[in-house]
Number of protein chains: 2
Amino acid sequence: MVYTSEYPFVYVTVDIVVLTIRDDALQALVVRRAEEPFKNRWALPGGFVGEREDLELAALRELREETDVSPGEVRLEQLKTYGAPDRDPRHRVVSVAFLAVLPAGPTPTAGTDAAEASWVPVDDLLSRGRLAFDHGQILADGVERARAKLEYSNLALAFVGREFTIADLRRVYETVWGRDLDAGNFHRKVTGATGLVRATGRQRAQERGRPAELFTAGSAISVHPPLTREVLR
Amino acid sequence: MVYTSEYPFVYVTVDIVVLTIRDDALQALVVRRAEEPFKNRWALPGGFVGEREDLELAALRELREETDVSPGEVRLEQLKTYGAPDRDPRHRVVSVAFLAVLPAGPTPTAGTDAAEASWVPVDDLLSRGRLAFDHGQILADGVERARAKLEYSNLALAFVGREFTIADLRRVYETVWGRDLDAGNFHRKVTGATGLVRATGRQRAQERGRPAELFTAGSAISVHPPLTREVLR
DNA sequence: ACAAAAGTGTTGAGCGTACACCCATGG
DNA sequence: CCATGGGTGTACGCTCAACACTTTTGT
């Protein structure tokens, strides 16, 4: 099939920054490129937008081609659009980037696709700067967005499963921000924010120490007052 | 010229939410559509992205075709990308929306283009919902972004000229947020935020009352601590 | 009994809001 | 001298960070 147009056009793709926490580290999903350009380099998962496909659905479809995540347990939001004329050496490609966050548990590295896919700590990906195209910048923007949204939104809940303890949630903040938080103050703040989490009444035994109460997500989307990641000393 | 492709493609445009303050109201720039669809309806300024043109430059070019604003006095940032398959009844069009903020003074309604362009209060545009395509949603998203960014960024400075008084700045907040602020506390907070504004030492006579000191923009991009638009009573 | 983790109490410092008050100008 | 808007002082209440302390489990 050959498509024709009287106006200049560009290819539109979606690229997805998929974040999760594995092994106490913030990790991103990357796929090994099988072809030039950037052959054998890591790239963000993504692909072309279908002819009559909504952008968000395209991102969700690409995500499901790389992971076995179900739509219900992934948080997906639009990040930014990247359209520098030379960002792809072959064609003019405008890419709408998305940020996806999912819980670590139920999603193995997987990949029904033939391409090799892997979870890699974002610190490694960012410091060594080996991603294809401008995906290093996209990843950096996605990570920064996630860090910022922990402050005032319930994004942290997307990193944990349906049931979680307050300490689970605190470890999300500590991992994403790279900073230890006071356990007591964190507990008070999170349980005190109206509607953020809801107690189940049940408990979960820890490896060591007192069992922790289990919570589920509440109805609140934003956190008031916000948590702060700045060190104020 | 006819362009061909082996993959499905979409048209890519930019649309711009241009905000300023005129007559003590937050106003947006809109253009009257001369053709179907949505003939004679207001639309946001915008147009096709050039073949080898960066997205931001395309937005800047379109902006200059509708106003006589110079690049130095406009604040332009990417807002969001809109790509629902049926948002334009003719073709598949993905639009990268931008938010532009400019000072009221030096920019008359103008328009070198033949199309009729006009400043209209955003309250009118949003409440009567007569904008073409999904531009009502884009405008709403842009206004919300501006309202949010006043809290923690120096975006308010883009609404005033190079030299301004603290009261000028306060009126920006009051107009955009639709809420009166305490003049004394606002003064302290803005002048106390490190690097946000810089005193010139000169003054400007008011119509009535004590003359106000003139300030220019400082080097800080973000405001710490943030101002708050919530009413806490 | 001890270690470890969950969760609660307490306290002092800092900040924001409200509002009183002073300052500088035009009429 | 009065009205008006710019700008400062002050006091009360609230929140946060720090950290002591209690609770509840496994070993």
Side-chain angles (χ1 to χ4, degrees), chain A residues 24 150-152 156 160 163-175 177-194 196-216 220 222-233, chain B residues 24 150-152 156 160 163-175 177 179-194 196-216 222-233:
Chain A
D24 293 322
L150 286 196
E151 291 197 21
Y152 58 88
V160 297
E163 287 192 332
F164 53 89
T165 69
I166 300 299
D168 289 340
L169 215 49
R170 175 166 50 82
R171 279 184 277 272
V172 169
Y173 279 85
E174 291 176 337
T175 303
W177 284 351
R179 180 196 158 197
D180 282 351
L181 300 174
D182 182 283
N185 292 335
F186 183 87
H187 187 280
R188 232 191 317 260
K189 198 150 186 177
V190 168
T191 54
T194 50
L196 183 62
V197 296
R198 187 163 32 215
T200 64
R202 276 168 298 116
Q203 296 189 329
R204 176 202 293 167
Q206 306 297 307
E207 291 198 0
R208 289 186 299 281
R210 171 175 168 180
E213 187 165 12
L214 282 167
F215 290 79
T216 57
S222 57
V223 181
H224 285 284
L227 293 89
T228 172
R229 62 177 150 157
E230 303 146 41
V231 184
L232 301 172
R233 3 199 124 157
Chain B
D24 292 321
L150 286 195
E151 291 196 22
Y152 58 89
V160 298
E163 288 192 330
F164 53 89
T165 69
I166 300 299
D168 290 340
L169 214 50
R170 176 167 48 83
R171 278 184 278 271
V172 169
Y173 278 85
E174 291 176 336
T175 303
W177 284 352
R179 178 196 159 197
D180 282 352
L181 300 174
D182 182 283
N185 293 334
F186 183 87
H187 188 280
R188 235 190 315 260
K189 198 149 187 176
V190 168
T191 54
T194 50
L196 183 62
V197 295
R198 187 163 32 215
T200 64
R202 276 168 298 115
Q203 295 189 329
R204 176 202 292 166
Q206 305 298 307
E207 293 198 358
R208 288 185 299 281
R210 170 176 167 180
E213 187 165 14
L214 281 168
F215 290 79
T216 57
S222 57
V223 182
H224 285 285
L227 293 90
T228 172
R229 62 177 149 156
E230 302 147 41
V231 185
L232 301 172
R233 0 197 129 159

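Heavy-atom basis, side chains included; hydrogens, waters and symmetry copies ignored. Residue numbering restarts at 1 for every chain, and letters A, B, ... go by the order of the sequence lines. Values in this document were obtained by computation on a predicted structure and should not be read as measured data.
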*Asks:* If you go through the side-chain atoms of B/Arg188, does one of them form a donor-acceptor pair with the base of C/dG16 closer than 3.5 Å?
*Replies:*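 For B/Arg188, whose side chain was compared with the base of C/dG16, there is no donor-acceptor pair (under 3.5 Å).
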
*Asks:* How many Å lie between CG on B/Leu214 and P on D/dG6, as a whole number?
*Replies:*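 After rounding, the gap between these two atoms is 12 Å.
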
*Asks:* Does B/His187 put a side-chain nitrogen or oxygen below 4.0 Å from OP1 or OP2 of D/dG6?
*Replies:*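 Negative; the distance criterion is not met.
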
*Asks:* Is A/Arg208 near enough to C/dA3 that one of its side-chain N or O atoms lies under 4.0 angstrom from OP1 or OP2?
*Replies:*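 Checking C/dA3 against A/Arg208, no side-chain N or O comes under 4.0 Å of OP1 or OP2.
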
*Asks:* When rounded to the nearest 0.5 angstrom, what is the spacing between NZ in A/Lys189 and CG in A/Leu196?
*Replies:*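 Taking NZ in A/Lys189 and CG in A/Leu196, the distance rounds to 12.0 Å.
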
*Asks:* When you measure from the side chain of B/Ala212, which nucleotide among D/dG7, C/dT25, C/dA6 comes out closest?
*Replies:* D/dG7

*Asks:* Check this for me: does any side-chain nitrogen of one of B/Glu163 and B/Arg202 sit under 4.0 Å from a carboxylate oxygen of the other?
*Replies:*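 Here B/Glu163 pairs with B/Arg202 in a salt bridge, since their nearest N and O are under 4.0 Å apart.
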
*Asks:* For B/Lys189 and C/dC15, what is the distance between atoms NZ and P respectively, to the nearest whole Å?
*Replies:*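 About 11 Å, once rounded to whole Å.
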
*Asks:* For A/Arg210, answer base if it contacts any base atom (sugar-phosphate contacts may also be present), sugar-phosphate if it contacts only those atoms, and nothing otherwise; contact means non-hydrogen atoms under 4.0 Å.
*Replies:* base

*Asks:* Which nucleotide in the set D/dC19, C/dT25, C/dG7 lies at the smallest distance from any side-chain heavy atom of A/Glu213?
*Replies:*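 Of D/dC19, C/dT25, C/dG7, C/dG7 is nearest to the side chain of A/Glu213.
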
*Asks:* Which nucleotide wins on minimum distance to the side chain of B/Gln203, given the candidates C/dG16, D/dA17, C/dT25?
*Replies:*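 Among C/dG16, D/dA17, C/dT25, the one nearest the side chain of B/Gln203 is C/dT25.
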
*Asks:* Among C/dG16, C/dA24, D/dT24, find the nucleotide with the atom closest to the side chain of A/Pro211.
*Replies:* D/dT24

*Asks:* What is the distance from CD of A/Glu174 to P of C/dA5, rounded to the nearest Å?
*Replies:* 12 Å

*Asks:* Where is the tightest heavy-atom contact between B/Val223 and B/Ala193, given as atom of each residue plus distance?
*Replies:*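 B/Val223 and B/Ala193 have their closest heavy atoms at CG1-CB, 4.2 Å.
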
*Asks:* Considering all heavy atoms of both residues, which atom of A/Trp177 and which atom of A/Glu151 are nearest to each other, and what is their separation?
*Replies:* CZ2-CG, 3.5 Å

*Asks:* B/Arg170 near the nucleic acid: base, sugar-phosphate alone, or nothing, with a heavy-atom cut-off under 4.0 Å?
*Replies:* sugar-phosphate

*Asks:* Kindly compute the distance separating OG1 (A/Thr228) from CG (A/Leu150), expressed to the nearest 0.5 Å.
*Replies:*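 With rounding to 0.5 Å, OG1 (A/Thr228) is 12.0 Å from CG (A/Leu150).
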
*Asks:* By nearest atom, which of the nucleotides C/dA6, C/dT17, D/dG7 is closest to the A/Gln206 side chain?
*Replies:* C/dA6

*Asks:* Could you state the CG-P distance from B/Leu169 to D/dG6, rounded to the nearest angstrom?
*Replies:* 12 Å

*Asks:* Rounded to the nearest angstrom, tell me the gap between atom CG in B/Asp180 and atom P in C/dC19.
*Replies:*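 About 14 Å, once rounded to whole Å.
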
